[in-house]
Structure formats: C-alpha cells, structure tokens
Amino acid sequence: MNWLGAVQCPHCGGRGITVSPIPVSVATLPERGQAVCLHCDTHFPIRAQILDLTQPRDLTGLTLAGASNHVPPVPQLYEAVWRPRSLSLLTGEPFSPARELALLNAWLGIQPNELVLDLGSSTDFYARGVAAHARGAMIAAIDLAEGMLRVGIDYARRDGATNIVHVRAPVQRLPFADASVDALMCGGSLNEFRSMREALAEARRVVTPTGRLFTMSLLAATSLGGKLGQCGARTSGITFPRLEQFNETIQAAGWRCERQQVFGAVVFTLMQPVEA
C-alpha cells in the first residue's frame, strides 16, 4: 500500500509526495527528513518520524479542549489515566478497552491493503487496535498535537505495530485526495473538533464510494450528574448533541447511518457515504 500516493499537498492540492531519505518500507517514515510535493515542489518537514503537513492557519481557532492536547503532561496521562476508565464512567457499566476495540474491528472490518485514517488519533489507541487486527492494512494516525503523535509512536513501538504512520494535520482539511481512503475511524475526538459537521464532511470527501467511517462519540447526558459535568465541559468547546441532532449532522455531511448502538452518553456509529 503506497499511502504517499494518496497524500494531497495542502499547498497546491496536487496528489502525491516523495520522501527523503527513502524510508526502509512504505509503512515507515525516516527519523528526520522531508517530503516534497510532486507538483509544486513545496517541502514539508519530517521530525521524529512525524510528517508535518500543517499550515499556519491550522492552529488558529482551536477549542480549549483541542488546545489542551498540546500541553506537555496531557499526552503522557491520556492513555495511562483517562482512556482505560473513560467508557466505564461515561456508559455507567463495565466497558473495557478490549471490549471497545472488539466492537471497532467487528464493525469496521478492515481488509488487507486498505488505507485507514485515524482522525484525532491522540496516542494511537484505535490505530494500534486496528493494526494488530489487520496487519496487511496501512493506518495513518492524524492529529494536530505533536506530543500526542510522539507518545503514539512510542506505544506503537512497544506493541510492535509496524503498519502505522504518523501525520500532523488538521481533520478539517485532511491532506488526502478525494476518494482515496478506504476507511476512517474516530474514537472520542469528534466532540472536540471545532465543527463536527465540517470534520464529517471532510471525511466524506476523502473516502471511497464503498468506504466507511466508525465513530465513538458522546451525546447529551440525561442524568443530573452527567448534565452538570457536561455543562463545565462545554465551556472548553466540547459539544454534546442529542442523538437526533447527531444523526442529522451525519446526514447533512453526506453519510448514512449503517449501524448504531448507544450506551449511556456514548454512541458508536458505523457510517457509509451517500452517493453524490
């Protein structure tokens, strides 16, 4: 899977880049180097095996929740402290990470040689879960927070995941060509994006006609305690739609809901693109 051929230059919009020094395999990036657009010759840096395709405008307008991911302690604490416990707290029932990943892999059904994007990948929790289950696939972990990507690389090395590449880029302007991606996934970041609809519409742009998108996201709480907790979180820019609002946003962004299951304030959704 030559995933570099699917990359779209954020400067000129041309498809395809080259990387130097030449990586040892299509599933890796050099420790340091650069990528060059095949069309406009714009150069993009590679640092610590992270391809940086951000533009100056990409870091403006972040929500407070999104900006917090750039604070140094957060990437180290995210998966060590919050992620293993989060779904049990949010669903009100025992919900282990293994249970979540089993649902992800069963619904998404990644096949060998497919290109998969992990949107708002944080520390690669979903990327590593799919990489272990579908070793012939290529997963690109996409996040704006370089610290999250660096920790994700450390975890991927620890787990022996050799089919994940890391790209620093905004989800609202994905650096991939139209209809070039087989599947996408987003675990928990969807509520933090500046615009949920904008992120879903961009995912729709890059997915193939037979592709799909799996999301784990949060809904408006119904309990008093949940409502009080979400009231504080809303001040940081996190959104909590009602289920009907969420499904309307999905439809407006060009998706249809193929499968959906709600556990407390958590909703898992499998979407497929609607024909234009």
Side-chain angles (χ1 to χ4, degrees), residues 62-69 74 78-79 81-108 117-123 125-126 129-130 142-143 171-172 183-204 207 212-274:
L62 290 177
T63 64
L64 182 59
S68 70
N69 292 328
V74 173
Y78 173 73
E79 196 166 327
V81 177
W82 168 247
R83 201 59 175 82
R85 302 166 177 81
S86 59
L87 288 198
S88 294
L89 293 170
L90 294 167
T91 62
E93 63 180 84
F95 213 113
S96 68
R99 181 183 176 187
E100 181 182 359
L101 291 179
L103 193 151
L104 164 69
N105 282 305
W107 286 22
L108 203 53
L117 302 189
D118 186 1
L119 307 180
S121 58
S122 299
T123 57
F125 177 65
Y126 269 17
V130 168
I142 312 293
D143 207 293
V171 169
Q172 292 88 349
L184 306 98
M185 52 193 177
C186 184
S189 299
L190 193 57
N191 299 81
E192 296 183 12
F193 297 147
R194 182 184 58 206
S195 167
M196 186 180 291
R197 178 173 175 175
E198 187 179 35
L200 289 171
E202 184 67 349
R204 171 64 185 86
V207 77
R212 61 271 190 215
L213 166 63
F214 177 95
T215 64
M216 183 278 284
S217 58
L218 302 180
L219 301 172
T222 56
S223 67
L224 178 59
K227 289 179 179 178
L228 290 175
Q230 288 185 354
C231 183
R234 281 192 177 93
T235 62
S236 68
I238 300 177
T239 59
F240 301 98
R242 298 189 306 275
L243 181 60
E244 60 271 22
Q245 291 175 322
F246 178 61
N247 287 333
E248 288 171 0
T249 301
I250 289 173
Q251 186 176 11
W255 297 93
R256 70 172 183 272
C257 180
E258 185 70 15
R259 191 171 181 181
Q260 194 168 65
Q261 198 164 358
V262 177
F263 300 88
V266 176
V267 58
F268 294 96
T269 308
L270 179 67
M271 311 173 206
Q272 291 188 327
V274 176

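Since the structure is predicted, the reported quantities are computational estimates derived from the model, not experimental observations. Residue indices begin at 1 and follow the sequence shown.
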Checklist outcome for this item: So the side chain to side chain donor-acceptor pair (under 3.5 Å) pairs with at least one residue in residues 252-269 (sequence neighbours excluded) are N247-Q260, R256-Q272, Q260-T269
Next on the checklist: Filter on side chain to side chain donor-acceptor pair (under 3.5 Å), then keep only pairs touching residues 83-97, sequence neighbours left out; what's left?
Outcome noted: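 The answer is Y78-R83, R83-E100, E93-R99.
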Checklist entry - Do other residues, nucleotides or ligands put more than 12 heavy atoms under 6.0 Å from the CZ atom of R234? => result yes
Item to check | More than 12 heavy atoms from other groups under 6.0 Å of CD on Q251 | outcome: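 12 or below, so no.
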Checklist entry - Can you say whether the rings of F214 and F268 are parallel (under 30°), tilted (30 to 60°) or perpendicular (over 60°)? => result tilted
Item to check | side-chain contact (heavy atoms from CB on, under 4.5 Å) evaluation trace for V266 with M216 | outcome: CA-CA 7 Å; V266 176; M216 183 278 284; 3.8 Å; yes
How long is the straight-line distance from [atom2] of [Y] back to [atom1] of [X], given to the nearest 0.5 Å?
{"X": "T249", "Y": "E198", "atom1": "OG1", "atom2": "CD", "result": "13.0 Å"}
{"X": "T222", "Y": "R242", "atom1": "OG1", "atom2": "CZ", "result": "13.0 Å"}
{"X": "S217", "Y": "L200", "atom1": "OG", "atom2": "CG", "result": "8.5 Å"}
{"X": "Q245", "Y": "I250", "atom1": "CD", "atom2": "CD1", "result": "12.5 Å"}

Next on the checklist: Please identify which of these residues, N69, D143, V74, meets the side chain to side chain contact (heavy atoms under 4.5 Å, CB included) condition with S122.
Outcome noted: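 Of the listed options, the one satisfying the test is D143.
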Item to check | Identified side chain to side chain contact (heavy atoms under 4.5 Å, CB included) counterpart of M185 within the set V130, L270, N105, L213 | outcome: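 Running side chain to side chain contact (heavy atoms under 4.5 Å, CB included) over V130, L270, N105, L213 with M185 returns exactly one hit, V130.
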Item to check | Steps toward side-chain contact (heavy atoms from CB on, under 4.5 Å) verdict (M271, T215) | outcome: CA-CA 8 Å; M271 311 173 206; T215 64; 3.5 Å; yes
Checklist entry - Would L90 and L218 satisfy side-chain contact (heavy atoms from CB on, under 4.5 Å), going step by step from the backbone distance to the final call? => result CA-CA 8 Å; L90 294 167; L218 302 180; 3.7 Å; yes
Next on the checklist: For L87 and F263: C-alpha separation, side-chain torsions, deciding distance, then whether side-chain contact (heavy atoms from CB on, under 4.5 Å) applies.
Outcome noted: CA-CA 9 Å; L87 288 198; F263 300 88; over 6 Å; no
